[in-house]
Amino acid sequence: MKYDYPEIEKKWQEKWRESNAFEAKQDFSLPKYYALIEFPYPSGVGLHIGHPRPYTAMDIVARKRRMQGYNVLFPMGWDAFGLPTENFAIKNHVHPAEVTKRNVARFKSQLNAIGLSFDWSREVNTTDPEYYKWTQWIFLQLFKKGLAYKTTMPVNWCTSCKCVLANEEVVNGVCERCGSEVVRREKSQWMLKITAYAQRLIDDLDTVNFIDRVNVQQKNWIGRSTGAEVDFATTEGDKLTIYTTRPDTLFGATYMVMSPEHPYIDKWKAQIKNWDEIIAYREASARKSDFERTELQKDKTGVRIDGVMAVNPVNDRQIPIYVSDYVLMSYGTGAIMAVPGHDTRDWEFAKKFGCEIVEVVAGGDVEKEAFTDCDTGVLVNSGFLNGLSVEEAKAKIIDWLTETGKGRAKVNFKLRDWVFSRQRYWGEPIPLVWCDHCGEWVPLPESELPLRLPDVESYEPTDNGESPLAKCTDWVNTTCPRCGGPARRETDTMPQWAGSSWYFLRYCDPHNDKELASKEALEYWMPVDWYNGGMEHTTLHLLYSRFWHKFLYDIGVVPCAEPYKRRTSHGMILGENGEKMSKSRGNVINPDDIIRDYGADTLRMYEMFVGDFEKAAPWSTQSIKGCRRFLERVCALESEVKDGVSYSPENESLIHKTIKKVSEDIETLKFNTAIAALMTLLNQFFEKGVNRAEFKTFITLLNPFAPHLTEELNERMGNPDMLVREPWPQYDESKTKDQTLDIAVQLNGKVKSIVTIPADADEQAMLDIARADDKVAAALSGMKIVKTIVVKGKIINIVVKPL
RNA sequence: GCUGGUGUGGCGGAACAGGCAGACGCCCGGGACUUAAAAUCCCGUGAGGUAACACUCGUACCGGUUCGAUCCCGGUCACCAGCACCA
């Protein structure tokens with residue numbers, strides 16, 4: 001058969017569509033499998049060559065599961081709110097909804113051209129009011145439970161997007177999206193209390209099967225630490241509380257440091273003798289952007305508070321208090337005890353400002369550098385802690401603090417609450433109104449959802465930090481749903497991460513207009529069995545959606561505490577030069593061109609064969625030809641097929657091995673070696689011949705990888721049903737074993753010969769065969785055997801020395 | 001700085017409960033077919049060495065454990081990713 005891929009691919013894509021081949025069934029008695037990939041942001045440039053890698057991988061899993069008899073849910077949708085669309089709309093004077101529609105149409109046709117087996121009857125779009133109705137509904141539940149609150153705080157402000165960013169969206173001090181400078185601004189923002197779930201977000205990682213680097217990154221980001229809070233008295237009679245992970249070093253605390261934003265500074269105004277100096281320092285650090293702060297981190301700055309002293313509770317010594325911006329108001333209590341002998345930052349500060357350095361853990365030289373080792377040190381100069389190890393001292397001092405009421409054990413997290421509002425147009429409106437009469441934010445009744453985005457004349461962001469919606473006075477001015485008085489709508493919108501935090505739930509029951517999804521559907525489909533997505537979402541989408549899911553679990557909406565049973569992640573496709581693909585580097589590969597020149601099946605094969613799925617791999621226009629050649633050879637094999645029994649006993653054994661290998665490799669993300677095994681089998685068929693049944697098994701195994709070609713070949717063989725509906729081949733473990741084995745015979749660890757033994761030969765039999773071998777016998781002559789090592793079925797090693 | 005990860009032919013990558021290193025593919029070389037080229041098919045292909053064998057060296061580097069180490073242990077170097085004054 002000539003490999004007419006454009007014709008074949010078009011034909012089978014239509015057949016699958018006409019027969020609803022991939023529709024998940026509404027029969028909840030069947031075993032289910034929910035395979036999920038991250039829905040894309042439908043950008044204007046179309047599909048990237050990187051997209052098909054995870055998509056094809058999960059498509060292979062989904063196709064295999066269907067053949068294995070599962071009711072498979074493999075859906076797709078659009079994460080379509082977001083800035084690029086809005087910016088494009090502004091520039092070209094089109095409505096963002098119109099832009100979205102076009103981009104979605106383009107993406108969808110590209111995805112279909114790859115032959116991905118999505119159930120399009122469940123397509124969702126985050127910008128659809130029938131969808132964002134439920135995004136808003138979830139927000140209202142969060143609000144009602146006190147997990148959404150508005151507060152004024154310094155936030156990350158992107159100077160180019162003119163919009164607030166979440167901490168997770170700031171990378172190296174610049175905007176994750178556009179790379180522009182991010183500055184700190186005081187703004188009133190909606191926040192979501194993700195910190196309330198910090199502990200559970202860590203703990204429940206033990207209940208799911210995520211790849212390790214995801215677990216590690218999430219844990220680092222949440223940043224749990226254990227330590228103690230200690231109350232220091234001051235000469236003004238206040239209680240200055242600090243947090244430390246090293247309470248064992250309390251005797252070594254020789255000064256304290258407060259963040260410039262600490263409220264006690266204002267409180268002590270009357271007592272502070274150098275007030276002007278303190279205020280000048282506070283204002284200077286307030287002006288610094290996060291970027292500047294990190295740039296300057298090596299060089300500590302600060303000012304001593306003149307007029308107030310603190311008292312170390314363990315020894316009643318009076319110690320000075322400094323103000324320095326290396327202490328952050330947003331972590332712990334905004335103040336620290338400084339132990340310069342055993343903390344690098346305190347040591348640097350102490351050296352610069354001439355503070356006293358006391359050694360309380362012996363083992364280093366605190367005059368040269370801070371000694372921070374917790375494993376080997378022994379406590380000294382520490383009263384009742386002397387002689388203890390760091391671990392013992394921690395426990396003892398916490399007991400002491402608790403008994404005396406001067407402190408307590410404490411757990412802290414680096415994770416901060418999620419800044420949830422954006423000053424842009426193209427996002428979900430926040431369904432709250434401010435009522436002066438009620439004096440608070442009032443939620444819209446659920447019956448009024450969705451709160452639709454109004455049509456506005458200009459989507460331009462404003463420099464004053466207000467959302468474009470603020471200009472839409474007809475929409476903004478409304479009545480309070482509670483008291484009926486005049487009220488104003490919230491004009492900020494939700495961030496892009498809102499719609500994606502729950503979309504996998506909507507797929508379970510996408511057309512439900514009574515609830516976000518029915519209980520039965522959620523109980524049947526959830527949790528997602530396998531979710532594959534990018535590492536870049538680990539501390540963003542993945543964390544956010546786990547948080548929302550746990551909240552929905554708490555209020556009884558979803559049946560499971562974790563949304564995803566298994567999470568894996570793919571590597572990037574790089575340009576041919578090994579660099580990240582980008583327009584500016586001129587190394588972009590367009591999937592449309594590849595499909596036109598090689599076909600979708602070749603694209604799929606190559607995306608899976610290119611390298612280790614979990615690692616980045618450079619694209620190669622040379623190597624893709626190998627996959628194309630393989631498919632051509634599969635076509636050519638058709639004419640080699642002969643009726644009758646196997647021509648070769650080796651075929652049977654290799655077929656069983658290949659079924660096993662391909663079946664297992666798909667489950668462990670080793671698509672590249674699965675394909676290699678199929679190539680090996682094909683090569684053997686050309687060498688040894690192939691019968692109809694063998695060929696059928698081969699194309700069935702290949703079907704998830706190259707679905708179009710294999711369907712065509714299956715039809716040409718006269719099989720009435722589509723391969724999609726055929727069962728996955730089974731293997732017989734006993735037939736994967738060879739009758740004979742080729743075993744290496746070593747002398748002193750060097751291979752001297754290869755001998756063939758029966759698979760069940762015992763150690764003595766193996767040794768006898770080895771010694772009968774000519775090469776072995778020759779090598780043994782003139783040698784004295786010191787020792788022989790025989791491992792059944794593995795190896796023979798004879799240790800010799802000259803006679 | 002901290003936390004993870006990765007170093008294997010000309011290239012992408014296989015093989016690791018310690019047991020023939022380099023599967024599979026690309027590139028490259030030779031041959032067949034062809035008037036010729038492309039395509040296809042066959043053969044070769046880690047490095048040194050040999051007429052051909054033999055043999056020697058080879059999994060970032062140094063050392064250790066072992067009959068045997070790409071794999072385990074200790075140390076060093078390089079690269080990638082994430083975090084970054086988190087007390």
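Chain identifiers are assigned alphabetically (A, B, ...) following the order of the sequence lines, protein sequences preceding nucleic acid strands; residue numbering begins at 1 within each chain.
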Quiz item: Taking the side chain of A/Ile789 as heavy atoms from C-beta outward, which of B/C24, B/G19, B/A84 is closest to it?
Solution: B/G19
Exercise. Please determine, for B/U70, whether a Watson-Crick or G-U wobble partner exists with both distances under 3.5 Å, and give it or none.
Key: none
Quiz prompt | Options B/C57, B/G4, B/C24, nucleotide nearest the side-chain atoms of A/Thr680 | solution = B/C24
Exercise. Verify whether the ring centers belonging to A/Tyr255 and A/Phe349 lie closer than 6.0 Å.
Key: yes
Quiz item: With sugar-phosphate meaning primed atoms plus P, OP1 and OP2, does A/Ala616 contact a base, only sugar-phosphate, or nothing at under 4.0 Å between heavy atoms?
Solution: sugar-phosphate
Exercise. Name the nucleic acid region contacted by A/Ser620, choosing base, sugar-phosphate or nothing; use a 4.0 angstrom heavy-atom cut-off, strictly under.
Key: nothing
Self-check item: Watson-Crick/G-U partner (both atom distances under 3.5 Å) of B/G48
Solution: B/C55
Exercise. Pick base, sugar-phosphate or nothing for A/Asp346, based on heavy-atom distances below 4.0 Å to the nucleic acid.
Key: nothing
Quiz item: To the nearest angstrom, how far is A/Arg213 atom CZ from B/A81 atom P?
Solution: 13 Å
Quiz item: Of the candidate nucleotides B/C67, B/G25, B/A87, which contains the atom at the shortest distance from the side chain of A/Leu328?
Solution: B/A87
Quiz item: Strictly by modelled atom types, are A/Thr195 and A/Asp417 linked by a side-chain donor-acceptor pair under 3.5 Å?
Solution: yes
Self-check item: A/Glu576 and A/Asn587 side chains, donor-acceptor separation under 3.5 Å
Solution: no
Polar atom pairs (N or O), protein with nucleotides 75-79 of chain B, under 3.5 Å:
none

Practice problem: Tell me what A/Val610 touches on the nucleic acid: a base, only sugar-phosphate, or nothing, going by heavy atoms under 4.0 Å. | Solution: sugar-phosphate
Self-check item: Distance below 4.0 Å between A/Arg633 side-chain N/O and B/U40 OP1 or OP2
Solution: no
Quiz prompt | Complementary nucleotide of B/G1, counting Watson-Crick and G-U pairs under 3.5 Å | solution = B/C83
Quiz item: With a 4.0 Å cut-off on heavy atoms, is A/Gln622 in touch with a base, just the backbone sugar-phosphate, or nothing at all?
Solution: sugar-phosphate
Quiz item: Of the nucleotides B/C85, B/G25, B/G13, which has the atom closest to the A/Ala617 side chain?
Solution: B/G13
Quiz item: Taking only side-chain nitrogens and oxygens of A/Asn672, does any of them come within less than 4.0 Å of OP1 or OP2 of B/G12?
Solution: no
Quiz item: What is the pairing partner of B/G12, taking Watson-Crick or G-U wobble pairs with both distances under 3.5 Å in any strand?
Solution: B/C24
Quiz prompt | hbond_proxy A/Lys414 side chain to B/C83 base (donor-acceptor, 3.5 Å cutoff) | solution = no
Exercise. Output the single nucleotide from B/A81, B/C26, B/C20 whose closest atom is nearest the side chain of A/Gln217.
Key: B/A81
Quiz item: When we call it a touch if two heavy atoms are under 4.0 Å apart, what does A/Lys580 touch: a base, just sugar-phosphate, or nothing?
Solution: nothing
Practice problem: Using a heavy-atom cut-off of under 4.0 Å over every strand shown, decide if A/Thr538 touches base, sugar-phosphate, or nothing. | Solution: nothing
Practice problem: Kindly point out which of B/A87, B/G7, B/C24 is positioned nearest to the side chain of A/Asn683? | Solution: B/C24
Practice problem: Measure across A/Pro260 and A/Val327 and return the closest heavy-atom pair with its distance rounded to 0.1 Å. | Solution: CD-O, 4.0 Å
Quiz item: Distance between the P atoms of B/G5 and B/G10, in whole angstroms?
Solution: 28 Å
Quiz item: Roughly, in whole Å, what's the span from CZ in A/Arg629 to P in B/C41?
Solution: 8 Å
Quiz item: How are the rings of A/Phe613 and A/His570 set to each other: parallel, tilted or perpendicular (split at 30° and 60°)?
Solution: tilted
Quiz item: Who is the Watson-Crick or G-U wobble partner of B/U76, with both distances under 3.5 Å?
Solution: B/A60
Practice problem: Answer with base, sugar-phosphate or nothing: what part of the nucleic acid does A/Asn220 contact at a heavy-atom distance below 4.0 Å? | Solution: sugar-phosphate
